[in-house]
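Heads up, the thing below is written out as structure tokens.
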Amino acid sequence: MNKVVANAEEAVKDIMDGAVLMLGGFGLCGIPENSIAALVRKGVKNLTCISNNAGVDDFGIGLMLKQKQVKKMISSYVGENAEFERQLLSGELEVELIPQGTLATRCLAAGYGMPAVFTPAGAGTEVAAGKETRNFNGKDYLLESAFEADFAIVKAWKGDTLGNLIYRETARNFNPLMAMAGKTTIAEVEKLVEPGELDPNIIHTPGIYVHRIFEGINYEKRIEQRTVRKYK
Amino acid sequence: MNKVVANAEEAVKDIMDGAVLMLGGFGLCGIPENSIAALVRKGVKNLTCISNNAGVDDFGIGLMLKQKQVKKMISSYVGENAEFERQLLSGELEVELIPQGTLATRCLAAGYGMPAVFTPAGAGTEVAAGKETRNFNGKDYLLESAFEADFAIVKAWKGDTLGNLIYRETARNFNPLMAMAGKTTIAEVEKLVEPGELDPNIIHTPGIYVHRIFEGINYEKRIEQRTVRKYK
Amino acid sequence: MALSKEQIAQRIAKELRDGYYVNLGIGIPTLVANYIPEGINVVLQSENGLLGMGPFPPEGEEDPDLINAGKQTITTVPGSAFFDSAMSFGMIRAGKVDLTVLGAMEVSENGDIANWKIPGKMVKGMGGAMDLVASANNIIVAMMHTNPKGESKLLPQCSLPLTGVKCVKKIVSDLAVLDVTPRGFKLLERAPGVSVEEIKNKTLGKMIVEGDVPEMEV
Amino acid sequence: MALSKEQIAQRIAKELRDGYYVNLGIGIPTLVANYIPEGINVVLQSENGLLGMGPFPPEGEEDPDLINAGKQTITTVPGSAFFDSAMSFGMIRAGKVDLTVLGAMEVSENGDIANWKIPGKMVKGMGGAMDLVASANNIIVAMMHTNPKGESKLLPQCSLPLTGVKCVKKIVSDLAVLDVTPRGFKLLERAPGVSVEEIKNKTLGKMIVEGDVPEMEV
């Protein structure tokens, strides 16, 4: 059992043109920086990316957009990216917008072996078009299918060589959900440790869900909206 | 905002005859000992208890069975209790047996606001009787409804006064799921601390799900099957 | 005089009750956190995975791993908890959040809300708004009563694509406080110095006025 | 000679591959953990919420918070992880467990399994068995080939209430190793000294024998 790979290049080496990827993160928080950089260098194309956001022009998934590697984005909010907007308006890029909770729950469904789940989000709106609507206890719900993704690429704070992962603060977000949902799951971590170094009570993603793991380098962790208060 | 109650008596004081209760634990591991003792002293009757098991003759839910407080058990496995068997065979006690994963997932559904979930467990068996069976991708699933429970009673290792909970080892089991699923959730903990003493990264049950909390006393933590190895 | 955005937030803050778990949307709703009344403890939920959100950090103490749903750097308060997005929307869907405050472009007299999409304009996405409005038991909308052209945003029916149906319970605008009732918008309070007449003129949806309508205290 | 329970476990252990996540049921399956081949690392899952189950504890070191799905006191190995029952059955349903080994009262030639209920007897419940059999991609049944009366437990159809349908992939009994194929039970190996004839006589369901059937190595 060897899940440890040397670096991001090795982790993504079998991701081919046309693959469906899940990428963890919320905005630029908790994104798999090293793996995205490796995908950009690899130049793989026609990707479908399931990720809550699409990065900014010069960071995150925005880097892949700039290289025109992305065919389709499945996201809940994509606003912070001029190149994204240009490709969308020109028809080069396809976008499917879905509610954020639906995105999370469709990942959970995949990770928990549920083929589809009911959520009220979007019932009675254009999001419901073409979907089954069903009433339970007087309330309408949409039937939403579990995601299928060839690869899930996530970023954790600490991980061990068996693939157990711990996330930090709000950098958790979609990462543990996507980690459970990929056919193959790649985890990059800030600190890779030996089995036994992480307290088994506080593992967020058990190693069974993780197929490849490596310690990333040079994390930039860019802040998207730097807000501070004036007093201490 | 005051969720802290003095003791088990106060925590269960408004649980009335006929209530539907969820009780955490797997076997005798992680059961809410103090609350069960208080329910026995209170003598409340006609209870419906959702719990993976039904305790043993002189511990856990078995204590409530002995006092004939339970009208119906919803469980996955109930084998370890002679009084249970007697009441069942005499028709005093009603039992609904459901697959363990279905039990867990119906709690999750309640805690996550999903009215019903699909699971393959029991498809094609007598468990499927009267339930909707639906085929997704060539496989049959049963539609199982979210549980509705008046009270969830759980046992955690540590908790803070805001209701944040951390469980220990396999005493976690159904506890965090039931904590999310009760209309009113009562948590008993081995150690009650002030807000800020628990690392927010490792909370298993966020306080939003917990309505009452107290520090239990005299935990017996009985072992059901003591197995040891001969060598050190 | 019409309320400022700060005053709208201040008025909404009076709806807070001790022990509430509250989700505040981007914009005016965020400001509500600045006016939490003395003696009232509320816990702020951020749908990217945090209960117990605190204020912005002091300069130099920004933590890139710690942001709110608006992607702003924030802090935590003692007793906070982090969780993943499925649990976050799980607790929202299960009705555990006591109050949700969000902005709107339009609200209809039956409580429909539109706040995510303008046809012909670049659509950024609904984020968590559709989940919030479909799930919350108690939704207050913070909004301007009219758009920049002076047209009412409280309508018989929304003209924009909906975010959710029959979900808004209360509106606090720069002009008024209104409940959404089965009979339409019910006027509860007026902004100081704003007449019932003016509010009527700027409310295209059905509005109910019963008895004297007091001025807000802000 | 028919295999002992330990030998059945030993034979099943040869099906383990390096890196497998394995769920072992109560009874004979539990014994498989004692025969994991050298150089093969597997992670044992216990459906009450543990990956990385270790052996029983030394006397005096029993921890009441640390049990397996059979409620026995156990230990963990380095790199273990605890989780709740929803995640536990989530990973089972999602097919993340590579191999599931469990006992059975009856198996039918199309892979149906019955192992939870005998009409007329006190029913204790299915526990996690229905979830496991409905979800696992790779199920090996460990069982006696016949019941104490000498009647075959490998049947055309199960006579007992089913635990799951068309799910068993392989059977290791005291007499034989068989695959469940679309054409019925396919005999792969015989217990040492047990004839094909004897196995045929004790297998009521359709059994396929092709070429020479080797003896197991145990």
Side-chain angles (χ1 to χ4, degrees), chain B residues 1-4 22 104-117 145-149 152 156 158-167 176-185 187 189 192-213, chain C residues 16-23 36-54 63 65-67 74-100 128 130-138 164 167:
Chain B
M1 180 178 321
N2 190 12
K3 300 184 176 188
V4 180
M22 287 178 160
T105 311
R106 290 176 69 187
C107 294
L108 181 77
Y112 276 16
M114 301 187 287
V117 286
S145 61
F147 278 126
E148 291 188 32
K158 294 180 186 172
D160 71 21
T161 58
L162 294 175
N164 293 302
L165 304 178
I166 296 174
Y167 308 89
L177 305 167
M178 292 180 170
M180 298 193 298
K183 286 200 194 80
T184 297
T185 292
V189 298
L192 183 64
V193 302
E194 290 301 312
E197 291 188 47
L198 303 177
D199 177 354
N201 279 304
I202 64 167
I203 304 296
H204 296 130
T205 298
I208 194 171
Y209 285 114
V210 176
H211 304 92
R212 298 173 198 166
I213 189 166
Chain C
L16 299 172
R17 298 290 169 267
D18 191 47
Y20 264 18
Y21 290 89
V22 181
N23 183 294
I36 298 168
E38 209 65 39
I40 299 279
N41 282 301
V42 302
V43 179
L44 299 180
Q45 201 246 21
S46 192
E47 68 264 27
N48 57 319
L50 170 61
L51 274 167
M53 180 164 57
D63 179 346
D65 288 336
L66 183 48
I67 65 171
I74 47 150
T75 57
T76 58
V77 298
S80 62
F82 296 106
F83 35 83
D84 66 46
S85 300
M87 179 179 268
S88 184
F89 285 96
M91 64 182 67
I92 287 167
R93 269 198 308 268
K96 304 291 176 183
V97 175
D98 299 293
L99 177 63
T100 299
M130 281 194 179
D131 306 277
L132 282 160
V133 301
S135 305
N137 299 319
N138 190 8
C167 52

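Nothing here was measured: the structure is a model prediction, and the numbers come from that model. Each chain gets a letter, A, B and so on, in the order the sequences are listed, and its residues count up from 1.
- No other option in G163(B), P200(B), A109(B) has as many heavy-atom pairs under 4.5 Å with chain C as P200(B).
- The structure places CD1 of I203(B) at 7.5 Å from OG of S80(C), a figure rounded to the nearest 0.5 Å.
- Heavy atoms closer than 4.5 Å to chain C are found nowhere in L198(B), neither backbone nor side chain.
- In this structure, M87(C) and Y209(B) have side chains that are in contact, with non-hydrogen atoms separated by less than 4.5 Å.
- Of the inter-residue distances, the one linking Y21(C) atom OH with L162(B) atom CG reads 6.0 Å to the nearest 0.5 angstrom.
- Note that OH of Y112(B) is 14.0 Å distant from OG of S135(C), once rounded to the nearest 0.5 Å.
- Heavy atoms from other residues, nucleotides or ligands lying under 6.0 Å from CD of E197(B) number more than 12.
- If you tally non-hydrogen atom pairs under 4.5 Å between each of G19(C), G95(C), G52(C), G49(C) and chain B, the highest count goes to G19(C).
- Atom CG of D18(C) is separated from atom CG of N2(B) by 9.0 Å, given to the nearest 0.5 angstrom.
- Within the 4.5 angstrom heavy-atom criterion, only backbone atoms of A110(B) (N, CA, C, O) approach chain C.
- The shortest distance between side-chain heavy atoms of I208(B) and V97(C) falls below 4.5 Å.
- A distance-only check finds no donor-acceptor pair linking the side chain of N164(B) to the backbone of A81(C) [under 3.5 Å].
- Contact detail for G182(B) and K96(C): the closest heavy-atom pair is O-NZ, 3.3 Å.
- Neither the backbone nor the side chain of V77(C) comes within contact range of chain B, judged by heavy atoms closer than 4.5 Å.
- For D160(B), the part lying under 4.5 angstrom from a heavy atom of chain C is the side chain only.
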